[in-house]
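Taking it in order: structure first as structure tokens, then the write-up.
All figures in this text were calculated on a predicted structure; none of them were measured in a lab. The sequence lines fix the lettering, A, B, ..., with proteins before strands; numbering per chain opens at 1.
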There are 2 protein chains.
Amino acid sequence: MSSLPVLEPVVDTTCCPPAAPALGAAEAQSTAAVFKALADPNRLRLLSIVKAAESGESCVCDLTQPLDLGQPTVSHHLKILVDAGLLHREKRGTWAYYSLVPGALERIGELLESL
Amino acid sequence: MSSLPVLEPVVDTTCCPPAAPALGAAEAQSTAAVFKALADPNRLRLLSIVKAAESGESCVCDLTQPLDLGQPTVSHHLKILVDAGLLHREKRGTWAYYSLVPGALERIGELLESL
DNA sequence: CCACTATATTGATGAATGTCAATGTTGCGG
DNA sequence: CCGCAACATTGACATTCATCAATATAGTGG
């Protein structure tokens with residue numbers, strides 16, 4: 001390594017200053033994953049129903065009918081919401097009960113402010 | 001209309017009470033549209049860069065390089081953000097300047113609370 | 001009027017996604 | 001042990017989406 005390449009700084013401020021580095025690529029990907037979970041109307045309705053339940057939890061059988069979707073599809077959406085950290089799953093007997101993860105929705109608001 | 005059909009109430013409370021109607025289908029769709037716009041890492045970075053700009057606005061030429069994307073792709077993402085009501089577009093001369101719509105991010109937090 | 005620059009639009013392509021039918025798994029009652 | 005009910009998983013299919021190359025549009029300067 002005898003000759004270092006002469007890299008010119010390339011300082012063409014043609015338009016505006018480059019500004020701060022802002023959001024990193026990896027950070028953006030994990031944040032986008034949360035919004036991907038919210039980017040479906042049926043998943044939003046699932047969250048809404050679970051949130052509105054008196055006991056704070058709902059089983060799959062209560063979620064299938066109001067959404068007019070097949071049971072496998074509802075289970076699929078619920079899994080996405082659980083993986084995103086928005087819902088909690090607890091199996092009691094034959095039933096699976098889903099409930100909102102406390103503070104999960106509030107944390108999304110903070111994600112937006114930290115952009 | 002002489003004979004009203006005798007529809008049985010079908011009251012099988014096998015699991016839990018049906019709970020409140022919660023979020024409507026149409027409402028869920030428009031809300032999901034906003035989150036769809038946020039469900040991409042490159043669009044989140046665009047929002048972040050625009051937000052971090054000193055002047056409060058950025059032109060496309062400043063957004064292409066840090067994202068390592070082609071110019072048509074960046075324009076495409078910006079259009080999606082504008083259509084979602086998150087960015088404002090103003091063309092001055094040859095350049096197009098994008099800026100955050102005031103209060104747009106805050107309004108998303110309210111969307112989550114109204115689930 | 002003619003290049004040149006910045007941005008938008010179009011068309012194509014591969015990847016991701018939502019949905020369902022069919023099947024697998026688990027827990028309960030007889 | 002057997003059958004049933006609730007839920008999850010798999011595979012297939014159609015749709016949507018992110019990206020790029022090529023082209024179109026609009027504004028600027030000569």
Side-chain angles (χ1 to χ4, degrees), chain A residues 12-16 18 25 28-47 49-50 57-84 87-99, chain B residues 12-16 18 25 28-47 49-50 57-84 87-99:
Chain A
D12 54 347
T13 319
T14 47
C15 196
C16 339
Q29 185 132 12
S30 65
T31 303
V34 179
F35 288 120
K36 265 196 232 283
L38 295 168
D40 181 272
N42 286 320
R43 284 198 287 271
L44 291 177
R45 299 185 75 188
L46 285 175
L47 287 176
I49 295 174
V50 170
E57 56 185 13
S58 308
C59 59
V60 182
C61 63
D62 284 331
L63 300 170
T64 303
Q65 291 163 350
L67 261 65
D68 199 38
L69 287 178
Q71 172 264 318
T73 303
V74 173
S75 278
H76 174 237
H77 284 312
L78 288 170
K79 178 175 172 52
I80 290 177
L81 291 171
V82 169
D83 290 346
L87 284 187
H88 170 74
R89 182 186 115 107
E90 182 186 355
K91 191 158 190 183
R92 291 201 302 270
T94 315
W95 291 275
Y97 292 91
Y98 289 87
S99 57
Chain B
D12 55 346
T13 320
T14 47
C15 195
C16 337
Q29 185 133 13
S30 64
T31 303
V34 179
F35 288 120
K36 266 197 234 282
L38 295 168
D40 182 272
N42 287 319
R43 284 198 287 272
L44 290 177
R45 300 185 74 188
L46 285 174
L47 287 176
I49 295 174
V50 169
E57 57 185 12
S58 310
C59 59
V60 182
C61 61
D62 284 331
L63 300 171
T64 303
Q65 292 162 348
L67 261 64
D68 196 42
L69 287 179
Q71 172 264 318
T73 303
V74 173
S75 277
H76 173 238
H77 285 311
L78 289 170
K79 179 176 173 52
I80 290 177
L81 291 171
V82 169
D83 291 345
L87 285 186
H88 171 74
R89 182 186 115 107
E90 181 185 357
K91 191 158 191 183
R92 291 200 302 270
T94 315
W95 290 275
Y97 292 91
Y98 288 87
S99 57

Each nucleotide N or O in nucleotides 19-23 of chain C that has a protein N or O under 3.5 Å away: list the pair and distance.
{"residue": "C:dT19", "atom": "OP1", "partner": "A:N42", "partner atom": "ND2", "Å": "2.8"}
{"residue": "C:dT19", "atom": "OP2", "partner": "A:H77", "partner atom": "NE2", "Å": "2.3"}
{"residue": "C:dC20", "atom": "OP2", "partner": "A:G70", "partner atom": "N", "Å": "3.1"}
{"residue": "C:dC20", "atom": "OP2", "partner": "A:T73", "partner atom": "OG1", "Å": "3.0"}

inquiry  = Would you say B:Y98 places a side-chain N or O within less than 4.0 Å of OP1 or OP2 belonging to C:dA8?
reply    = yes

remark   = Rounded to whole Å, the CD-C1' distance (A:Q29 to D:dA18) equals 13 Å

ask   = C:dA6 C1' sits how many Å from B:D62 CG, rounded?
value = 12 Å

request  = In whole angstrom, give the distance that lies between atom CD1 of B:I80 and atom P of C:dT9.
outcome  = 12 Å

message = What I'd like to find out is whether the side chain of B:F35 reaches to under 4.5 Å of the side chain of A:L44, using heavy atoms alone.
response = yes

key: Distance in angstrom units between B:Q65 CD and C:dT7 P, rounded   = 11 Å

key: Close side-chain approach of A:L47 to A:R43, heavy-atom, < 4.5 Å   = no

key: Within 6.0 angstrom of A:Q65 CD, more than 12 heavy atoms from elsewhere   = no

key: Short side-chain N/O contact to C:dA6 OP1/OP2 from B:Y97, under 4.0 Å   = no

remark   = The nucleotide from D:dT28, C:dA8, D:dA6 with an atom nearest the side chain of B:T94 is D:dT28

note = Separation of C:dT25 atom C1' from A:K79 atom NZ, nearest Å, is 15 Å

note = Note: B:Q71 and B:T64 closest approach over all heavy atoms is N-CG2, 4.1 Å

key: Euclidean distance, atom CH2 of residue A:W95 to atom P of D:dA5 [Å, nearest integer]   = 12 Å

query = Is there side-chain contact between B:L78 and B:L46, with heavy atoms separated by less than 4.5 Å?
reply = yes

Selection from C:dG18, D:dC7, C:dT17 that lies nearest to any side-chain heavy atom of A:K36 = C:dT17

ask   = Side-chain contact, heavy-atom cut-off 4.5 Å: B:S75 with B:K79?
value = no

request  = Identify whether any heavy atom of B:R89 sits under 4.0 Å from a base atom; if not, whether one sits that close to sugar-phosphate; answer base, sugar-phosphate or nothing.
outcome  = sugar-phosphate

note = Across all chains, not counting sequence neighbours, the salt bridge (Lys or Arg N to Asp or Glu O under 4.0 Å) partners of A:K91 are none

task = Calculate the interatomic distance between B:E90 atom CD and C:dT7 atom P; express it in whole Å.
result = 13 Å

request  = Look at A:R92 and C:dG27 and indicate whether a side-chain polar atom (N or O) is within less than 4.0 Å of OP1 or OP2.
outcome  = no

ask   = Atom CG of B:L46 to atom P of D:dT19: distance rounded to whole Å?
value = 10 Å

